[in-house]
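Note sheet for the following structure.
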Amino acid sequence: MVMKFQAPKGVSEYAPPRSLHFEVVRESLISAAVQAGYLLMELPVFEDTELFARGVGETTDVVTKEMYTFEDRGGRSITLRPEGTAGVMRAVIEHGLDRGQLPVKVWYSGAFFRAERPQAGRYRQFYQVGIEAIGLNDPEIDAEVIATADRSLKKLGLKDYRLEITSLGDSQSRKAHRVDLDKFIAGLDLDEATRTKAQVNPLRLFDDKRESVQKQMENAPLLLNYLSEESTAHFNAVQSLLQSFGIDFLINKRMVRGLDYYTGTTFEFIHEKLGAQSGIGGGGRYDGLMKQLGGADLSGIGYGMGVDRILLACQSEEIELAPLGKLDLFAIALGEEAKLKVAQIVNQLRNAGLTVDMAYGDRALKSAMKMADKSGAKFSLVLGADELQMESIAVKNMDSGESQSVTISSLEEFLRDS
RNA sequence: GUGGGCGUAGCUCAGCUGGUAGAGCACUCGGUUGUGGUCCGAGAUGUCGCGGGUUCGAGCCCCGUCGCUCACCCCA
């Protein structure tokens with residue numbers, strides 16, 4: 001018996017026709033970034049393990065139990081990237097961009113990896129499109145980043161999502177809050193596991209789904225009330241900018257982010273029709289990260305949008321994702337002689353930059369026309385013995401069903417103009 | 001790592017209290033001479049996830065195993 005292979009557990013992969021929808025979503029996310037002046041940063045999918053440990057945070061769940069880590073042949077510890085920001089920082093530093101004109105604005109797109117138990121919208125290999133703006137600590141750039149994320153969703157026609165924002169303040173604000181929060185939690189009635197969780201990151205308890213915990217956390221001290229004057233002013237400025245852009249948002253005083261590097265403005269896009277994994281994108285400021293990784297002491301802000309989840313969101317809203325490119329022409333040959341000619345014409349049109357496909361083999365005309373129909377081509381042409389002699393072909397408009405006669409030499413021009 | 005659900009044609013699934021398998025979609029061909037989208041007809045396809053057990057007999061019952069899936073956790 002032959003072994004049957006299947007994709008590794010929990011990976012997201014897309015075969016036609018769904019891959020076309022995936023492509024539309026990804027391209028839409030990318031174009032929003034490009035529109036806002038961000039430039040491509042193409043990165044490796046694996047990095048030195050230490051980069052993520054230091055960048056994302058030694059105690060985070062991502063680093064402690066969700067990374068794909070292995071040793072390469074030179075004995076180096078390598079990790080498949082679980083997120084994008086650390087790699088971007090590394091590359092910015094490595095290429096000296098942090099010493100050039102600021103802000104550095106880059107976008108990236110690709111696969112990320114986390115060794116988690118798969119579930120709806122959560123995969124071990126998943127796709128993100130993200131941007132990072134480095135070297136400018138101005139509310140203006142915060143608002144730009146959030147607006148760009150929002151635009152990338154709106155471009156697709158998404159409606160049933162909400163934007164939640166908060167500010168995690170500067171490190172002093174967080175320290176003061178942490179002291180009080182720890183004190184508060186010490187007085188709660190919690191089980192052992194929850195207590196350990198709170199020791200690693202007490203903010204986590206705000207996110208706990210159990211009602212017993214929620215109830216106890218109702219009067220917990222909120223970080224937002226501990227913000228310094230400066231942080232508050234910054235956060236207020238971001239809010240007024242968003243309002244002036246006409247972007248709706250909610251302030252979530254209990255927002256929790258899983259990565260340690262976040263500071264100040266933090267945000268999340270949540271889709272209302274998805275399952276438990278409803279976060280379709282998120283991001284925030286990470287003002288100490290660059291320095292932490294050995295670069296200049298620059299602030300930064302960025303986001304990561306989940307392509308897989310956004311595709312699911314589009315489906316849940318029944319949004320029609322029109323395929324990007326359509327065929328300009330679908331060509332059909334009748335008879336041996338005509339085949340050569342059609343192959344030649346098709347090749348020539350492709351060289352000229354047109355998008356063309358054809359029927360192969362000896363298909364009945366009816367069946368070939370069905371293929372033409374399904375291909376979504378704008379025009380079809382049938383070339384047989386008659387046309388070979390006449391040098392002119394009937395080109396059929398697949399929408400109207402009407403045909404018109406075009407000479408072979410003017411075919412390219414005809415397709416280009418219609 | 002912890003729970004629940006499910007594994008029958010390429011896809012979505014049906015199969016009553018056990019008697020060796022079906023539907024829709026998709027696919028291929030056709031409805032006479034070289035033109036699709038509707039309609040009609042015909043056809044192909046399954047070791048019923050795998051292994052064992054009970055039984056005269058198992059897709060249906062029992063055990064195991066693998067896989068998928070949803071949720072906890074976590075997050076895109």
Side-chain angles (χ1 to χ4, degrees), chain A residues 1 4-12 15 17-18 25-26 29 56 60-67 81-85 109-130 149 153 193-194 196-197 200-201 204 207-210 255-259 268-271 274-283 302-313 330-335 338 359 361 363-377 379-387 393-403:
Chain A
M1 184 168 145
K4 205 172 177 182
F5 290 109
Q6 54 179 305
K9 189 184 182 75
V11 303
S12 65
R18 199 148 177 263
V25 170
R26 183 177 57 195
L29 299 177
V56 178
T60 56
D61 281 16
V62 168
V63 170
T64 56
K65 49 191 193 197
E66 293 169 6
M67 297 204 303
R81 59 183 182 187
E83 60 92 53
T85 305
S109 162
F112 294 85
F113 309 84
R114 285 184 203 168
E116 300 180 274
R117 199 72 174 258
Q119 124 187 29
R122 188 173 73 186
Y123 309 101
R124 291 183 170 180
Q125 172 174 327
F126 57 97
Y127 294 85
Q128 266 185 248
V129 171
L153 298 175
T194 313
T196 331
K197 181 164 112 170
V200 176
N201 182 359
R204 281 285 158 71
D207 220 18
D208 201 300
K209 289 183 184 172
R210 289 169 297 181
M255 189 192 296
V256 181
R257 305 246 67 210
L259 312 179
E268 223 166 47
F269 290 88
I270 295 158
H271 197 268
L274 294 183
Q277 309 303 323
S278 55
I280 53 177
Y303 65 66
M305 304 300 283
V307 184
D308 310 275
R309 288 186 186 175
I310 292 170
L311 174 57
L312 290 171
F330 190 93
I332 299 165
L334 290 176
R363 230 165 227 284
L365 179 58
K366 176 169 181 161
S367 147
M369 281 306 293
K370 280 190 176 176
M371 286 186 75
D373 187 37
K374 269 181 290 195
S375 76
F379 292 95
S380 69
L381 75 73
V382 177
L383 196 150
D386 299 351
E387 287 81 359
I393 322 174
V395 177
K396 181 168 181 174
N397 181 319
M398 295 302 281
D399 285 331
S400 67
E402 281 162 22
S403 294

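Hydrogens, waters and symmetry mates are skipped; everything else that's a heavy atom, side chains included, is used. Chain letters run A, B, ... following the sequence lines, proteins first, then strands; residues in each count from 1.
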Considering only B/C75, B/C72, B/G36, which nucleotide approaches the side chain of A/R309 most closely? B/C75
With a 4.0 Å cut-off on heavy atoms, is A/D207 in touch with a base, just the backbone sugar-phosphate, or nothing at all? nothing
Any strand is fair game: report the nucleotide pairing with B/G3 by Watson-Crick or G-U wobble, both distances under 3.5 Å, or none. B/C70
Just wondering, do A/F112 and B/A76 stack (centres under 5.5 Å, planes under 30°)? no
Base paired to B/A9 (Watson-Crick or G-U; both N/O distances under 3.5 angstrom): none
Has A/S380 got a side-chain N or O lying under 4.0 Å from the OP1 or OP2 atom of B/G36? no
Using the side-chain heavy atoms of A/D373, tell me which of these nucleotides is nearest: B/G67, B/A76, B/G36. B/G36
Give every pair of a protein N or O atom and an N or O atom of nucleotides 24-27 of chain B that lie under 3.5 Å apart, one pair per line with the distance.
unit_1: B/C27; atom_1: OP1; unit_2: A/K374; atom_2: NZ; d: 2.4

If pairing means Watson-Crick or G-U wobble with both distances under 3.5 Å, then the partner of B/U32 is none
Of the candidate nucleotides B/C70, B/A76, B/C72, which contains the atom at the shortest distance from the side chain of A/A120? B/C70
Per the atom types in the model, does the base of B/C73 pair as donor or acceptor with the side chain of A/Q119 at under 3.5 Å? yes
Taking for A/S400 and for A/G279 the nucleotide of RNA chain B with the nearest heavy atom, the one nearer the 5' end belongs to A/S400
Counter-base of B/G51, judged by Watson-Crick or G-U geometry with both distances under 3.5 Å: B/C63
Using a cut-off of less than 4.0 Å, is there contact between a side-chain N or O of A/R124 and OP1 or OP2 of B/A76? no
